[in-house]
Chemist: 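First, the structure itself, so that you have it in front of you.
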Amino acid sequence: MKKHSFHRLNKAFILKDLKKKMVLLTGPRQVGKTWLAKQIMNHYKNPLYLNYDSLKDKKMIKEQSWLESVDLIVFDEIHKMDQWKNYIKGIFDTRPQHRNILVTGSARLQQIQRSGDSLAGRFFSHTLLPFSLFELSQTNQSIGFNKLFSRGGFPEPLLMAKSINEAERWRQQYMFSLLREDIPDFKNLQNYRKMETLLYLLREKMSSPISINSLSQALGIDHKTVEKYITVLKDLFIIFSVPSFSKNIARSLSKTKKIYFYDYAFIDAINTGGRWENIVALHLLKHCLYLQETQPSKALQLVYLRTKDKREVDFLLTKKGSPHLMIEVKSKEVAFSKNLIYFHDRYGIPGKQLCPKLKRQKQIKGKNIISESLETFLLKLKT
């Protein structure tokens, strides 16, 4: 990846945030966190990179034996250290004024967001997700939308693999290492086969509201275990969920959610419609996270629309709890979705209907509903 000069939007904001607090950079494994951290190091005079997996680095971490002149310390994989949060708190609270702290990691760092612990108020968080079309457009490298769609946005299959076959070999090994190596370390789960089966069941049900009850019956395990497994898959950045919209927060939390994958190329190539929807879901999620972490006044939330009589629209962006924009994804050019029209007429919500190979934009006369090329729409999303 060093041969490529790619633009990651997080970089500029991380550099600003490091001057105020420590920064926690999270995201899926092999998404480019270490690469980005080393790009950030180039902006310092005396940076130090420490990986807890390195015996030499581990010794320095425990002894805190770095030079006083070090102005940036990058702690990579520090979450594997016992009591790592207390350790980082101590490093941060006693650091000299000229020193900044950047912590990178994947699954376990994510738990900080859900726990009130000693790091509260001491950090800004940033999430690095797979490459977006916008990021790729900011470089002169010739990586088109079709390649992004077929290989997914992870750096290795997208930038380094010489063929689809090579990209698939990476994907198999990636999933294998997450399920067989990271999960036991992360949650001490014993039933790996059930977890693996769940993963493939979720792939089949991708983009449809999931039923914990049906998953429980298919796997032969209780509801709580299914929910626990799904939480693990989320924490490992394998899947993410999109909740249904409700102005009542309590009701919204109790409703069914849809599941998507961070690596949308994991979805069977035959299911092109599902893969189109998933790539849009990931771009929208990334856009929302980017705004939440860098421009909270403009923050958007990603949900979907579904009524009791099963009228559904793929996605809805909300702002401060109010509908902002509906998005419906179609695998080919068809008439405008009746559900887009229904929700627009009833609630006045503007809508977009996206299609991969749309030849010309269209709009329903008198309505704020527009059909647009899927690629054009994603390219405009700052992600």
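In this chain, numbering begins with 1 at the start of the sequence shown. Worth knowing before you read on, the calculation uses all heavy atoms, side chains too, and leaves out hydrogens, waters and symmetry mates.
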Chemist: Answer yes or no: is there a donor N or O on one side and an acceptor on the other, between the side chain of His283 and the main chain of Ile279, under 3.5 Å?
Modeler: yes
Chemist: CG/Leu379 to OG/Ser137 distance, rounded to the nearest 0.5 angstrom?
Modeler: 5.0 Å
Chemist: With a 6.0 Å cut-off on ring centres, are Phe124 and Phe13 close enough?
Modeler: no
Chemist: Would Lys362 pass as a cation-pi partner of Phe336, given that its NZ or CZ must be under 6.0 Å from the six-membered ring centre and within 45 degrees of the axis?
Modeler: no
Chemist: Using the side chain to side chain contact (heavy atoms under 4.5 Å, CB included) rule, take Leu233 and Leu179 through it: C-alpha gap first, then chi angles, then the decisive distance, then the call.
Modeler: CA-CA 9 Å; Leu233 292 174; Leu179 293 176; 4.2 Å; yes
Chemist: With ring centroids as reference points, do Tyr52 and Tyr87 lie under 6.0 angstrom apart?
Modeler: no
Chemist: Give a yes or no answer on whether the side chain of Gln353 reaches the backbone of Ala335 with a donor-acceptor pair at less than 3.5 Å.
Modeler: yes
Chemist: If I take atom CD from residue Gln292 and atom NE2 from residue His287, how far apart are they, to the nearest 0.5 angstrom?
Modeler: 10.0 Å
Chemist: Parallel, tilted or perpendicular: which one describes the rings of Phe145 and Phe149, with boundaries at 30° and 60°?
Modeler: tilted
Chemist: Taking the six-membered ring of Tyr342 as reference, does the cationic atom of Arg311 (NZ for Lys, CZ for Arg) lie under 6.0 Å from its centre and within 45° of its axis?
Modeler: yes
Chemist: Can you check whether Ser207's main-chain N or O pairs, donor with acceptor, with Asn278's side chain at less than 3.5 Å?
Modeler: no
Chemist: Keeping His126 on the side-chain end and Thr294 on the backbone end, is there a donor-acceptor pair under 3.5 Å?
Modeler: no
Chemist: Just by distance, do the side chain of Lys194 and the backbone of Leu219 share a donor-acceptor pair under 3.5 Å?
Modeler: yes
Chemist: Could you check whether any side-chain heavy atom of Pro130 comes within less than 4.5 Å of a side-chain heavy atom of Leu282, counting everything from C-beta outward?
Modeler: yes
Chemist: To the closest 0.5 Å, what do you measure between CG (Leu285) and CZ (Phe240)?
Modeler: 5.0 Å
Chemist: Quick check: are there more than 12 heavy atoms from other residues, nucleotides or ligands sitting under 6.0 Å from NZ of Lys147?
Modeler: yes
Chemist: Among Lys380, Lys357, Arg360, find the one that has a salt bridge (Lys or Arg N to Asp or Glu O under 4.0 Å) with Glu372.
Modeler: Lys380
Chemist: Tell me if the CD atom of Glu63 is crowded by more than 12 foreign heavy atoms within 6.0 Å.
Modeler: yes
Chemist: How about Phe75 and Trp84: are their ring centroids closer than 6.0 Å?
Modeler: no
Chemist: For Asn100 and Tyr44, test the side chains for any donor-to-acceptor distance below 3.5 angstrom and give the result as yes or no.
Modeler: yes
Chemist: Does Asn339 reach the main-chain N or O of Glu312 with its side chain, forming a donor-acceptor pair under 3.5 Å?
Modeler: yes
Chemist: Kindly give the heavy-atom pair with the smallest separation between Phe154 and Tyr262, and that separation in Å.
Modeler: CE1-O, 3.8 Å
Chemist: Establish whether Met60 and Val103 are linked, either directly or via other cluster members, by ILVMFWY side-chain heavy-atom contacts under 4.5 Å.
Modeler: yes
Chemist: Using atom types as modelled and distance alone, determine if a side-chain donor or acceptor of His324 lies under 3.5 Å from a backbone N or O of Pro350.
Modeler: no
Chemist: Hey, are the side chains of Ile238 and Met175 touching, using non-hydrogen atoms and a 4.5 Å cut-off?
Modeler: yes
Chemist: Is there a donor-acceptor pair under 3.5 Å between the side chain of Asp71 and the backbone N or O of Lys45?
Modeler: yes
Chemist: Could you check Leu148 against Tyr264 for side chain to side chain contact (heavy atoms under 4.5 Å, CB included), going step by step and ending with a plain yes or no?
Modeler: CA-CA 10 Å; Leu148 179 67; Tyr264 47 83; 3.3 Å; yes
Chemist: Determine whether more than 12 heavy atoms belonging to other residues, nucleotides or ligands lie under 6.0 Å from atom CZ of Arg169.
Modeler: no
Chemist: With the side chain counted from C-beta on, respond yes when Arg95 and Ile73 share a heavy-atom pair under 4.5 Å apart, and no when they do not.
Modeler: no
Chemist: Taking atom CG of Asp82 as the centre, does the number of heavy atoms from other residues, nucleotides or ligands within less than 6.0 Å exceed 12?
Modeler: no
Chemist: To the closest 0.5 Å, what do you measure between CD (Glu375) and CG (Leu354)?
Modeler: 12.0 Å
Chemist: Please check if the side chain of Arg151 supplies one atom and the backbone of Leu159 the other of a donor-acceptor pair under 3.5 Å.
Modeler: no
Chemist: Are Lys258 and Tyr304 in a cation-pi setup, meaning NZ or CZ lies under 6.0 angstrom from the ring centre and within 45 degrees of the ring axis?
Modeler: yes
Chemist: Using a 4.5 Å cut-off on heavy atoms from C-beta on, say whether the side chain of Leu25 contacts that of Ile40.
Modeler: no
Chemist: Determine whether the side chains of Asn51 and Ser54 contain a donor N or O and an acceptor N or O closer than 3.5 Å.
Modeler: no
Chemist: Compare every heavy atom of Gly274 with every heavy atom of Ile267, then report the nearest pair and how far apart it is.
Modeler: CD1-O, 4.1 Å
Chemist: If you define the side chain from C-beta out and look only at heavy atoms, does anything of Ile164 sit under 4.5 Å from Ser150?
Modeler: yes
Chemist: Please determine if Lys58 and Glu77 form a salt bridge, counting it only when a charged side-chain N lies under 4.0 Å from a carboxylate O.
Modeler: no
Chemist: What is the minimum heavy-atom distance between Leu36 and Arg8, and which atoms define it?
Modeler: CD1-CB, 4.3 Å
Chemist: Could you check Leu24, Asp76, Val74, Asp17 and say which one makes a side chain to side chain contact (heavy atoms under 4.5 Å, CB included) with Leu102?
Modeler: Val74
Chemist: Apply ring pair (Phe, Tyr, Trp, His ring centres under 6.0 Å) to Phe92 and Phe123, showing your working.
Modeler: CA-CA 10 Å; Phe92 180 76; Phe123 68 93; 9.7 Å; no
Chemist: A side-chain contact here means heavy atoms from C-beta on lying under 4.5 Å apart; do Leu317 and Leu302 qualify?
Modeler: yes
Chemist: Do Leu284 and Val242 come within less than 4.5 Å of each other through their side chains, counting heavy atoms only?
Modeler: no
Chemist: Decide side chain to side chain contact (heavy atoms under 4.5 Å, CB included) for Asp314 and Val280; before the verdict, give the C-alpha distance in whole Å, the side-chain angles of both, and the deciding distance to 0.1 Å.
Modeler: CA-CA 10 Å; Asp314 293 333; Val280 172; over 6 Å; no
Chemist: Aromatic contact between Tyr200 and Phe266, with the criterion being ring centroids under 6.0 Å apart: yes or no?
Modeler: yes
Chemist: Would you sort out whether Phe134 and Tyr290 count as a ring pair (Phe, Tyr, Trp, His ring centres under 6.0 Å), showing the intermediate values?
Modeler: CA-CA 13 Å; Phe134 177 83; Tyr290 170 73; 8.6 Å; no
Chemist: Rounded to the nearest 0.5 Å, how far apart are CD1 of Ile239 and CG of Leu198?
Modeler: 7.0 Å
Chemist: Closest heavy-atom contact between Leu291 and Ala299?
Modeler: CB-CA, 4.1 Å
Chemist: Please give me the minimum heavy-atom distance between Asp268 and Arg275, naming the atom from each residue.
Modeler: C-NH2, 3.9 Å
Chemist: Of all the heavy-atom pairs spanning Met326 and Leu316, show the shortest one and how long it is.
Modeler: CG-CD1, 3.9 Å
Chemist: Report the C-alpha distance between Glu168 and Arg171 in whole Å, list the side-chain angles of each, state the deciding distance to 0.1 Å, and finish with yes or no for salt bridge (Lys or Arg N to Asp or Glu O under 4.0 Å).
Modeler: CA-CA 5 Å; Glu168 283 304 312; Arg171 186 159 292 105; 2.9 Å; yes
Chemist: Got a donor-acceptor contact below 3.5 angstrom from the His344 side chain to the Asn368 backbone?
Modeler: yes
Chemist: Between atom CG of Leu9 and atom NZ of Lys286, what is the distance when rounded to the nearest 0.5 Å?
Modeler: 7.5 Å
Chemist: So Tyr347 and Leu305, side chain to side chain contact (heavy atoms under 4.5 Å, CB included) or not? Walk me through it.
Modeler: CA-CA 12 Å; Tyr347 302 106; Leu305 276 170; over 6 Å; no
Chemist: Within a strict 4.5 Å, meaning less than it, do heavy atoms of the Met206 and Asn271 side chains meet?
Modeler: yes
